[in-house]
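Some notes on the structure that comes next.
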Amino acid sequence: MENSKALDMLERHPNKVSGAWVFKGTRVPVSAFFENLKDGASVDQFLEWFPGVTRSQVEALLDYELAALEQAAS
C-alpha cells in the first residue's frame, strides 16, 4: 500500500484525544495498538477490544511502518 494511503487511515486533531494520532473515525490512539501488541495481544484481539478500528486500518498502519523501516535500512 502506498504510504499516503496508510496515512489516510489516521487522523490527528488538537481537540481530539489531546492531539494524539488516532485511527480515523475513532478516538483510539495509534499508540494503543502498539502498546497492546507489545503486551502480547494479537491483531484480532485488538480489533475485538476496539471495534471502531478496522482490519484495513491496522494493515495500512503496519504496511506504512514496514515501508518506513525498509527505507531507513537502505
Quick one: pull up CG in N36 and CH2 in W49 and give me the separation to the nearest 0.5 Å.
5.5 Å
Please walk me through it: do R55 and L47 pass side-chain contact (heavy atoms from CB on, under 4.5 Å)?
CA-CA 7 Å; R55 182 169 295 278; L47 293 172; 3.6 Å; yes
Atom pair OG1 (T26) and NZ (K24), whose distance is rounded to the nearest 0.5 Å:
11.5 Å
For R27, all residues meeting salt bridge (Lys or Arg N to Asp or Glu O under 4.0 Å), sequence neighbours excluded
none
Verify the cluster assignment for V28 and V22: are they in a single hydrophobic cluster under the rule of side-chain heavy atoms below 4.5 Å apart?
no
Scanning both residues in full, the closest heavy-atom pair of P29 with V17 reads CG-CG1, 4.0 Å
Tell me whether V58 shares a hydrophobic cluster with W21, the cluster being built from Ile, Leu, Val, Met, Phe, Trp, Tyr side chains joined at under 4.5 Å.
yes
Partners of D39 by salt bridge (Lys or Arg N to Asp or Glu O under 4.0 Å), sequence neighbours excluded?
none
Any chance you could lay out the side-chain contact (heavy atoms from CB on, under 4.5 Å) test for Y64 and M9, step after step, and finish with the verdict?
CA-CA 11 Å; Y64 174 82; M9 298 291 191; over 6 Å; no
Identify, with sequence neighbours excluded, every residue that meets side-chain contact (heavy atoms from CB on, under 4.5 Å) alongside S18.
none
Say whether L10 and F34 are linked into one hydrophobic cluster, either directly or through other cluster members, by side-chain heavy-atom distances under 4.5 angstrom.
yes
Would you please classify the geometry between the F33 ring and the F46 ring as parallel, tilted or perpendicular, with 30° and 60° separating the classes?
perpendicular
